[in-house]
Protein chains: 2
Amino acid sequence: MSTATLPSATLPSDALAQRLADSGLRSTPQREVIYDVLLKKRDHPTADEVFARVKSELPTVSLATVYNCLETLVSCQLVRAVNFERGPTRYCPNLSPHAHFHDEQSGQTHDIELPPALLKKVHAVLPRGYDATSVEIIFRGKATRSSEQRAASSQPTRS
Amino acid sequence: MSTATLPSATLPSDALAQRLADSGLRSTPQREVIYDVLLKKRDHPTADEVFARVKSELPTVSLATVYNCLETLVSCQLVRAVNFERGPTRYCPNLSPHAHFHDEQSGQTHDIELPPALLKKVHAVLPRGYDATSVEIIFRGKATRSSEQRAASSQPTRS
DNA sequence: ATCATAGTTTGGAATGGTTCTAAATAGCAC
DNA sequence: GTGCTATTTAGAACCATTCCAAACTATGAT
Ligand SMILES: [Mn+2]
Ligand SMILES: [Mn+2]
Ligand SMILES: [Zn+2]
Ligand SMILES: [Zn+2]
(Lines give C-alpha, C1' and ligand atoms only; values in the text may rest on other atoms or scores of the structure.)
(Ligands and ions follow the chains in the order given, each with its own letter.)
Protein backbone atom coordinates (compact mmCIF):
# COMPACT_ATOMS: atom_id res chain seq x y z
CA MET A 1 0.00 0.00 0.00
CA SER A 2 0.96 3.59 -0.68
CA THR A 3 4.37 3.78 -2.34
CA ALA A 4 6.49 6.13 -4.44
CA THR A 5 6.03 9.85 -4.80
CA LEU A 6 4.26 10.11 -1.48
CA PRO A 7 4.23 13.68 -0.16
CA SER A 8 4.95 13.04 3.49
CA ALA A 9 3.15 9.80 3.94
CA THR A 10 4.60 7.99 6.88
CA LEU A 11 5.97 4.50 6.63
CA PRO A 12 5.23 2.90 9.96
CA SER A 13 8.83 2.90 11.13
CA ASP A 14 9.36 6.50 10.06
CA ALA A 15 6.24 7.50 11.94
CA LEU A 16 7.80 5.96 15.00
CA ALA A 17 11.14 7.70 14.55
CA GLN A 18 9.33 10.95 13.91
CA ARG A 19 7.11 10.78 16.96
CA LEU A 20 9.98 9.77 19.19
CA ALA A 21 12.10 12.65 17.90
CA ASP A 22 9.22 15.03 18.50
CA SER A 23 9.29 13.99 22.13
CA GLY A 24 13.07 14.21 22.38
CA LEU A 25 13.38 10.44 22.52
CA ARG A 26 15.57 8.06 20.57
CA SER A 27 14.62 5.38 18.15
CA THR A 28 15.97 2.09 19.45
CA PRO A 29 15.82 -1.48 18.19
CA GLN A 30 13.62 -2.42 21.14
CA ARG A 31 11.14 0.37 20.48
CA GLU A 32 11.02 -0.43 16.77
CA VAL A 33 10.53 -4.15 17.20
CA ILE A 34 7.89 -3.68 19.87
CA TYR A 35 5.97 -1.24 17.70
CA ASP A 36 6.28 -3.60 14.71
CA VAL A 37 4.97 -6.46 16.80
CA LEU A 38 1.91 -4.40 17.70
CA LEU A 39 1.29 -3.41 14.08
CA LYS A 40 1.79 -6.90 12.72
CA LYS A 41 -0.74 -8.76 14.89
CA ARG A 42 -3.42 -6.40 16.08
CA ASP A 43 -5.00 -8.62 18.66
CA HIS A 44 -4.52 -6.35 21.67
CA PRO A 45 -1.72 -8.33 23.29
CA THR A 46 -0.71 -7.94 26.91
CA ALA A 47 2.81 -6.89 27.89
CA ASP A 48 3.66 -10.54 28.49
CA GLU A 49 2.42 -11.48 25.05
CA VAL A 50 4.40 -8.66 23.47
CA PHE A 51 7.41 -9.84 25.47
CA ALA A 52 7.05 -13.35 24.05
CA ARG A 53 6.70 -12.08 20.47
CA VAL A 54 9.62 -9.68 20.74
CA LYS A 55 11.91 -12.33 22.21
CA SER A 56 12.02 -14.23 18.92
CA GLU A 57 13.58 -11.19 17.26
CA LEU A 58 15.49 -9.77 20.25
CA PRO A 59 16.20 -12.79 22.45
CA THR A 60 17.84 -10.75 25.20
CA VAL A 61 15.11 -8.18 25.65
CA SER A 62 13.80 -7.80 29.19
CA LEU A 63 10.24 -7.55 30.42
CA ALA A 64 11.08 -4.21 32.03
CA THR A 65 12.08 -2.90 28.63
CA VAL A 66 8.83 -4.11 27.12
CA TYR A 67 6.94 -2.16 29.79
CA ASN A 68 9.17 0.87 29.28
CA CYS A 69 8.76 0.85 25.52
CA LEU A 70 5.02 0.28 25.62
CA GLU A 71 4.69 3.22 27.99
CA THR A 72 6.84 5.28 25.64
CA LEU A 73 4.65 4.38 22.66
CA VAL A 74 1.54 5.27 24.63
CA SER A 75 2.96 8.61 25.69
CA CYS A 76 3.89 9.32 22.04
CA GLN A 77 0.28 8.59 21.12
CA LEU A 78 1.23 5.81 18.76
CA VAL A 79 -0.48 3.16 20.82
CA ARG A 80 -3.46 3.02 23.13
CA ALA A 81 -3.52 1.16 26.44
CA VAL A 82 -6.76 -0.73 26.96
CA ASN A 83 -8.05 -2.16 30.22
CA PHE A 84 -10.83 -4.65 30.89
CA GLU A 85 -11.82 -4.92 34.48
CA ARG A 86 -8.65 -5.76 36.36
CA GLY A 87 -7.03 -7.84 33.67
CA PRO A 88 -3.55 -7.04 32.39
CA THR A 89 -3.31 -3.94 30.23
CA ARG A 90 -3.61 -4.59 26.50
CA TYR A 91 -2.04 -2.54 23.73
CA CYS A 92 -3.67 -1.31 20.54
CA PRO A 93 -2.00 0.52 17.62
CA ASN A 94 -5.35 1.48 16.06
CA LEU A 95 -5.46 5.26 16.38
CA SER A 96 -8.86 5.86 14.84
CA PRO A 97 -11.67 6.53 17.29
CA HIS A 98 -12.95 3.10 18.18
CA ALA A 99 -14.62 1.14 20.92
CA HIS A 100 -13.61 -2.30 22.14
CA PHE A 101 -15.67 -5.45 22.19
CA HIS A 102 -14.49 -7.99 24.70
CA ASP A 103 -15.65 -11.50 23.84
CA GLU A 104 -16.09 -13.22 27.18
CA GLN A 105 -15.90 -16.74 25.73
CA SER A 106 -12.81 -16.47 23.61
CA GLY A 107 -11.16 -13.66 25.54
CA GLN A 108 -10.58 -11.92 22.22
CA THR A 109 -10.81 -8.17 21.82
CA HIS A 110 -12.24 -6.60 18.69
CA ASP A 111 -12.13 -3.02 17.45
CA ILE A 112 -15.47 -1.36 16.76
CA GLU A 113 -15.15 1.76 14.65
CA LEU A 114 -17.08 4.74 15.97
CA PRO A 115 -18.64 7.20 13.51
CA PRO A 116 -17.97 10.84 14.46
CA ALA A 117 -21.72 11.45 14.59
CA LEU A 118 -22.13 8.90 17.35
CA LEU A 119 -19.18 10.27 19.29
CA LYS A 120 -20.85 13.66 19.18
CA LYS A 121 -24.10 12.27 20.56
CA VAL A 122 -22.22 10.49 23.31
CA HIS A 123 -20.42 13.64 24.35
CA ALA A 124 -23.74 15.46 24.27
CA VAL A 125 -25.02 13.54 27.30
CA LEU A 126 -22.57 15.43 29.50
CA PRO A 127 -24.28 18.14 31.57
CA ARG A 128 -22.85 21.66 31.61
CA GLY A 129 -19.64 21.85 33.57
CA TYR A 130 -18.28 18.50 32.43
CA ASP A 131 -15.40 18.91 30.03
CA ALA A 132 -14.30 15.53 28.68
CA THR A 133 -10.92 15.10 27.03
CA SER A 134 -11.64 11.49 26.09
CA VAL A 135 -14.33 8.90 26.15
CA GLU A 136 -13.91 5.15 26.23
CA ILE A 137 -16.55 2.63 25.23
CA ILE A 138 -16.31 -1.04 26.08
CA PHE A 139 -18.76 -3.70 25.01
CA ARG A 140 -18.85 -7.08 26.66
CA GLY A 141 -20.58 -10.10 25.20
CA LYS A 142 -20.06 -12.82 22.68
CA ALA A 143 -19.10 -12.59 19.06
CA THR A 144 -20.79 -15.15 16.84
CA ARG A 145 -19.37 -17.02 13.86
CA SER A 146 -20.09 -14.29 11.36
CA SER A 147 -17.98 -11.80 13.25
CA GLU A 148 -15.16 -14.30 13.62
CA GLN A 149 -15.28 -14.86 9.90
CA ARG A 150 -15.10 -11.14 9.31
CA ALA A 151 -12.04 -10.89 11.53
CA ALA A 152 -10.41 -13.94 9.96
CA SER A 153 -10.90 -12.81 6.40
CA SER A 154 -9.77 -9.26 7.02
CA GLN A 155 -6.42 -10.43 8.35
CA PRO A 156 -3.88 -12.62 6.56
CA THR A 157 -4.01 -16.15 7.91
CA ARG A 158 -0.57 -15.82 9.45
CA SER A 159 2.19 -18.10 8.21
CA MET B 1 -43.31 -11.89 46.87
CA SER B 2 -44.63 -8.34 47.30
CA THR B 3 -46.50 -7.90 50.56
CA ALA B 4 -50.07 -6.70 50.40
CA THR B 5 -50.67 -2.97 50.32
CA LEU B 6 -47.10 -2.09 49.53
CA PRO B 7 -46.77 -1.20 45.87
CA SER B 8 -43.78 -3.54 46.27
CA ALA B 9 -41.62 -0.58 47.22
CA THR B 10 -38.34 -1.88 48.56
CA LEU B 11 -36.72 -0.37 51.60
CA PRO B 12 -32.99 -0.49 50.96
CA SER B 13 -32.26 -3.05 53.66
CA ASP B 14 -35.14 -5.25 52.58
CA ALA B 15 -33.96 -5.09 49.03
CA LEU B 16 -30.64 -6.42 50.27
CA ALA B 17 -32.17 -9.26 52.30
CA GLN B 18 -34.37 -10.13 49.37
CA ARG B 19 -31.63 -10.24 46.80
CA LEU B 20 -29.39 -12.25 49.05
CA ALA B 21 -32.17 -14.74 49.72
CA ASP B 22 -32.82 -15.01 46.00
CA SER B 23 -29.23 -16.11 45.58
CA GLY B 24 -29.37 -18.50 48.54
CA LEU B 25 -27.17 -16.23 50.62
CA ARG B 26 -27.61 -14.93 54.16
CA SER B 27 -28.08 -11.42 55.32
CA THR B 28 -25.27 -10.59 57.72
CA PRO B 29 -24.36 -7.47 59.71
CA GLN B 30 -21.26 -7.06 57.58
CA ARG B 31 -23.19 -7.21 54.31
CA GLU B 32 -25.83 -4.82 55.60
CA VAL B 33 -23.38 -2.22 56.90
CA ILE B 34 -21.28 -2.36 53.78
CA TYR B 35 -24.31 -1.89 51.57
CA ASP B 36 -25.51 0.99 53.78
CA VAL B 37 -22.12 2.64 53.54
CA LEU B 38 -22.32 2.52 49.75
CA LEU B 39 -25.83 3.95 49.72
CA LYS B 40 -25.06 6.71 52.19
CA LYS B 41 -22.10 8.29 50.43
CA ARG B 42 -22.23 7.62 46.73
CA ASP B 43 -18.77 8.73 45.81
CA HIS B 44 -17.56 5.46 44.30
CA PRO B 45 -15.28 4.45 47.15
CA THR B 46 -12.55 1.85 46.84
CA ALA B 47 -12.53 -1.31 48.98
CA ASP B 48 -10.05 0.40 51.31
CA GLU B 49 -12.33 3.40 51.67
CA VAL B 50 -15.31 1.18 52.35
CA PHE B 51 -13.19 -0.68 54.91
CA ALA B 52 -12.41 2.57 56.73
CA ARG B 53 -16.06 3.66 56.75
CA VAL B 54 -17.34 0.28 57.92
CA LYS B 55 -14.79 0.05 60.73
CA SER B 56 -16.48 2.86 62.65
CA GLU B 57 -19.62 0.76 62.89
CA LEU B 58 -18.04 -2.70 62.95
CA PRO B 59 -14.59 -2.17 64.44
CA THR B 60 -13.54 -5.80 64.07
CA VAL B 61 -14.41 -6.21 60.40
CA SER B 62 -11.61 -7.45 58.20
CA LEU B 63 -10.50 -6.23 54.81
CA ALA B 64 -11.04 -9.73 53.42
CA THR B 65 -14.65 -9.51 54.51
CA VAL B 66 -15.05 -6.16 52.82
CA TYR B 67 -13.79 -7.69 49.59
CA ASN B 68 -16.04 -10.73 50.08
CA CYS B 69 -19.14 -8.66 50.77
CA LEU B 70 -18.51 -6.24 47.92
CA GLU B 71 -18.13 -9.20 45.56
CA THR B 72 -21.37 -10.63 46.95
CA LEU B 73 -23.21 -7.35 46.38
CA VAL B 74 -21.88 -7.18 42.84
CA SER B 75 -22.93 -10.75 42.10
CA CYS B 76 -26.41 -9.96 43.48
CA GLN B 77 -26.57 -7.01 41.12
CA LEU B 78 -27.04 -4.49 43.90
CA VAL B 79 -23.75 -2.77 43.22
CA ARG B 80 -21.58 -2.16 40.18
CA ALA B 81 -17.81 -2.48 40.18
CA VAL B 82 -16.14 0.33 38.27
CA ASN B 83 -12.56 0.42 37.04
CA PHE B 84 -10.47 3.30 35.77
CA GLU B 85 -7.26 2.29 34.13
CA ARG B 86 -5.45 0.15 36.66
CA GLY B 87 -6.59 1.97 39.76
CA PRO B 88 -8.31 0.12 42.59
CA THR B 89 -11.85 -1.01 41.83
CA ARG B 90 -14.57 1.41 42.90
CA TYR B 91 -18.10 0.51 43.93
CA CYS B 92 -21.34 2.15 42.85
CA PRO B 93 -24.87 1.42 44.09
CA ASN B 94 -26.49 3.38 41.26
CA LEU B 95 -28.30 0.74 39.23
CA SER B 96 -29.72 2.96 36.52
CA PRO B 97 -27.89 2.86 33.20
CA HIS B 98 -25.19 5.45 33.58
CA ALA B 99 -21.72 6.36 32.42
CA HIS B 100 -18.85 7.53 34.61
CA PHE B 101 -16.96 10.78 34.42
CA HIS B 102 -13.52 10.62 35.97
CA ASP B 103 -12.24 14.04 36.97
CA GLU B 104 -8.47 13.80 36.54
CA GLN B 105 -7.73 16.76 38.80
CA SER B 106 -9.83 15.91 41.82
CA GLY B 107 -9.91 12.16 41.30
CA GLN B 108 -13.66 12.29 41.82
CA THR B 109 -16.05 10.10 39.90
CA HIS B 110 -19.44 11.37 38.77
CA ASP B 111 -22.45 9.49 37.45
CA ILE B 112 -23.74 10.55 34.04
CA GLU B 113 -27.23 9.30 33.34
CA LEU B 114 -27.69 7.70 29.93
CA PRO B 115 -30.98 8.10 28.07
CA PRO B 116 -32.24 4.81 26.59
CA ALA B 117 -32.25 6.41 23.15
CA LEU B 118 -28.51 7.01 23.34
CA LEU B 119 -27.85 3.50 24.60
CA LYS B 120 -29.70 2.20 21.58
CA LYS B 121 -27.60 4.27 19.21
CA VAL B 122 -24.44 3.08 20.89
CA HIS B 123 -25.43 -0.55 20.58
CA ALA B 124 -26.30 0.10 16.95
CA VAL B 125 -22.64 0.61 16.03
CA LEU B 126 -22.01 -3.09 16.56
CA PRO B 127 -21.69 -4.96 13.27
CA ARG B 128 -23.68 -8.16 12.70
CA GLY B 129 -22.37 -10.99 14.79
CA TYR B 130 -21.52 -8.96 17.86
CA ASP B 131 -23.93 -9.64 20.68
CA ALA B 132 -23.23 -7.33 23.59
CA THR B 133 -24.58 -8.09 27.04
CA SER B 134 -23.33 -4.82 28.46
CA VAL B 135 -21.68 -1.59 27.48
CA GLU B 136 -19.57 0.66 29.64
CA ILE B 137 -18.84 4.31 28.93
CA ILE B 138 -16.12 6.24 30.71
CA PHE B 139 -15.38 9.92 30.25
CA ARG B 140 -12.14 11.45 31.39
CA GLY B 141 -11.60 15.16 31.83
CA LYS B 142 -12.21 17.94 34.25
CA ALA B 143 -15.42 19.01 35.91
CA THR B 144 -15.74 22.76 36.35
CA ARG B 145 -17.29 24.69 39.25
CA SER B 146 -20.81 24.48 37.94
CA SER B 147 -20.77 20.68 38.00
CA GLU B 148 -19.24 20.64 41.47
CA GLN B 149 -22.04 22.92 42.62
CA ARG B 150 -24.59 20.62 41.07
CA ALA B 151 -23.10 17.62 42.89
CA ALA B 152 -22.84 19.51 46.18
CA SER B 153 -26.38 20.78 46.12
CA SER B 154 -27.88 17.47 45.11
CA GLN B 155 -26.36 15.73 48.13
CA PRO B 156 -26.75 16.68 51.79
CA THR B 157 -23.67 18.50 53.06
CA ARG B 158 -22.70 15.61 55.31
CA SER B 159 -22.78 16.15 59.06
C1' DA C 1 -32.23 -27.39 73.85
C1' DT C 2 -28.66 -30.06 71.20
C1' DC C 3 -26.46 -31.28 67.33
C1' DA C 4 -25.04 -31.52 62.55
C1' DT C 5 -24.28 -28.96 58.58
C1' DA C 6 -23.32 -25.43 55.65
C1' DG C 7 -22.39 -20.49 55.23
C1' DT C 8 -19.52 -16.66 56.75
C1' DT C 9 -15.80 -14.10 58.68
C1' DT C 10 -11.09 -13.49 59.74
C1' DG C 11 -5.82 -12.82 59.67
C1' DG C 12 -2.27 -13.84 57.22
C1' DA C 13 0.05 -15.76 53.27
C1' DA C 14 0.28 -15.89 48.39
C1' DT C 15 -0.49 -13.93 43.66
C1' DG C 16 0.41 -11.33 39.71
C1' DG C 17 0.76 -7.32 36.94
C1' DT C 18 3.34 -3.41 37.20
C1' DT C 19 6.80 -0.08 38.87
C1' DC C 20 11.11 1.02 40.93
C1' DT C 21 16.14 0.83 41.51
C1' DA C 22 20.75 0.81 40.59
C1' DA C 23 24.10 -0.91 37.60
C1' DA C 24 25.48 -1.99 32.77
C1' DT C 25 25.17 -0.56 27.96
C1' DA C 26 24.64 2.23 23.93
C1' DG C 27 24.22 6.53 21.25
C1' DC C 28 25.42 11.23 20.42
C1' DA C 29 28.09 15.83 20.77
C1' DC C 30 32.30 17.65 20.97
C1' DG D 1 38.08 8.92 21.77
C1' DT D 2 35.93 11.35 26.03
C1' DG D 3 32.13 12.79 28.43
C1' DC D 4 27.28 13.04 28.89
C1' DT D 5 22.79 11.41 28.68
C1' DA D 6 19.32 8.08 27.28
C1' DT D 7 18.17 3.43 27.46
C1' DT D 8 18.17 -1.25 28.82
C1' DT D 9 18.45 -4.77 32.13
C1' DA D 10 17.76 -8.00 36.28
C1' DG D 11 15.85 -8.21 40.23
C1' DA D 12 13.55 -6.21 44.23
C1' DA D 13 9.57 -3.86 45.76
C1' DC D 14 4.73 -2.61 45.43
C1' DC D 15 -0.04 -3.10 46.11
C1' DA D 16 -4.73 -4.38 45.05
C1' DT D 17 -6.72 -8.52 45.23
C1' DT D 18 -7.36 -13.50 46.04
C1' DC D 19 -6.54 -17.61 48.49
C1' DC D 20 -6.28 -20.39 52.58
C1' DA D 21 -7.36 -22.72 56.75
C1' DA D 22 -9.15 -21.96 61.08
C1' DA D 23 -12.65 -19.82 63.90
C1' DC D 24 -17.27 -18.43 64.22
C1' DT D 25 -22.40 -18.20 63.13
C1' DA D 26 -26.84 -19.14 61.47
C1' DT D 27 -30.21 -22.72 60.30
C1' DG D 28 -33.17 -26.37 60.92
C1' DA D 29 -33.69 -31.28 62.11
C1' DT D 30 -33.84 -34.30 65.85
MN1 LIG E 1 -12.68 -12.34 29.64
MN1 LIG F 1 -7.15 10.17 38.34
ZN1 LIG G 1 -8.29 -1.34 19.69
ZN1 LIG H 1 -21.73 5.16 39.24
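This one's a predicted model, so the numbers in the text were calculated from it and none came from an experiment. Computation of the quantities below employed the complete heavy-atom set of this structure, encompassing side-chain atoms and omitting hydrogens, waters and symmetry-equivalent molecules. Naming convention: chains lettered A, B, ... in sequence-line order (proteins, then strands); numbering from 1 in each chain.
In this structure, A:Gln30 places its CD atom 6 Å from C1' of D:dT8, rounding to the nearest Å. Whole-Å rounding puts the B:Glu49 CD to D:dT17 P distance at 11 Å. Here D:dA16 presents its P atom at 6 Å from CG of B:Asp48, a figure rounded to the nearest Å. If you measure from atom CD of B:Glu71 to atom P of D:dC19, you get 10 Å, rounded to the nearest angstrom. When rounded to the nearest whole Å, the span between CG of B:Leu70 and C1' of D:dT18 equals 14 Å. Nucleotide D:dT8 holds its P atom 5 Å from the CZ atom of A:Arg31, rounded to whole Å. Atom CG of A:Leu63 and atom P of C:dT19 are 11 Å apart (whole Å). Rounded to an integer number of Å, the gap from A:Arg86 CZ to C:dT15 P is 18 Å.
Look at A:Thr65 and you'll find a side-chain N or O under 4.0 angstrom from OP1 or OP2 of D:dT9. Under 4.0 angstrom from either OP1 or OP2 of D:dT17 there lies at least one side-chain N or O belonging to B:Tyr67. At D:dA16, none of the side-chain N or O atoms of B:Thr46 fall inside 4.0 Å of OP1 or OP2 (strictly under the cut-off). Side-chain N/O atoms of B:Thr28 include none lying less than 4.0 angstrom from OP1 or OP2 on D:dA26.
Note on A:Asp111 versus A:Arg80: no salt bridge recorded, every NZ/NE/NH1/NH2 to OD/OE distance being 4.0 Å or above.
For the pair B:Leu25 and B:Cys76, the tightest heavy-atom approach, listed with the atom from each and the gap, is CD1-SG, 4.2 Å.
Taking the six-membered ring where the residue is Trp, B:Tyr130 and A:His110 present perpendicular rings, their angle passing 60° and hence far from 30°.
When the nucleotides D:dT8, C:dT10, D:dT7 are ranked by their closest atom to the side chain of A:Cys69, D:dT8 comes out on top. In this structure, the nucleotide among D:dT7, D:dT9, C:dT18 sitting nearest to the side chain of A:Pro88 is C:dT18. Ranking C:dT18, C:dT10, D:dT9 by closeness to the A:Thr89 side chain, first place goes to C:dT18.
Paired with A:His44 under the rule side chain to side chain donor-acceptor pair (under 3.5 Å), one option of A:Glu49, A:His100, A:Arg90, A:His102 passes, and it is A:His100.
The cluster map of Ile, Leu, Val, Met, Phe, Trp and Tyr, joined by side-chain heavy atoms under 4.5 Å apart, puts A:Leu38 and A:Val82 in different clusters.
The 5' end of DNA chain C is approached more closely, in terms of each residue's nearest nucleotide, by A:Arg90 than by the other of A:Arg90 and A:Arg26. Each of A:Val66 and B:Ala64 lies near DNA chain D, and the nucleotide nearest A:Val66 is the one positioned closer to the 5' end.
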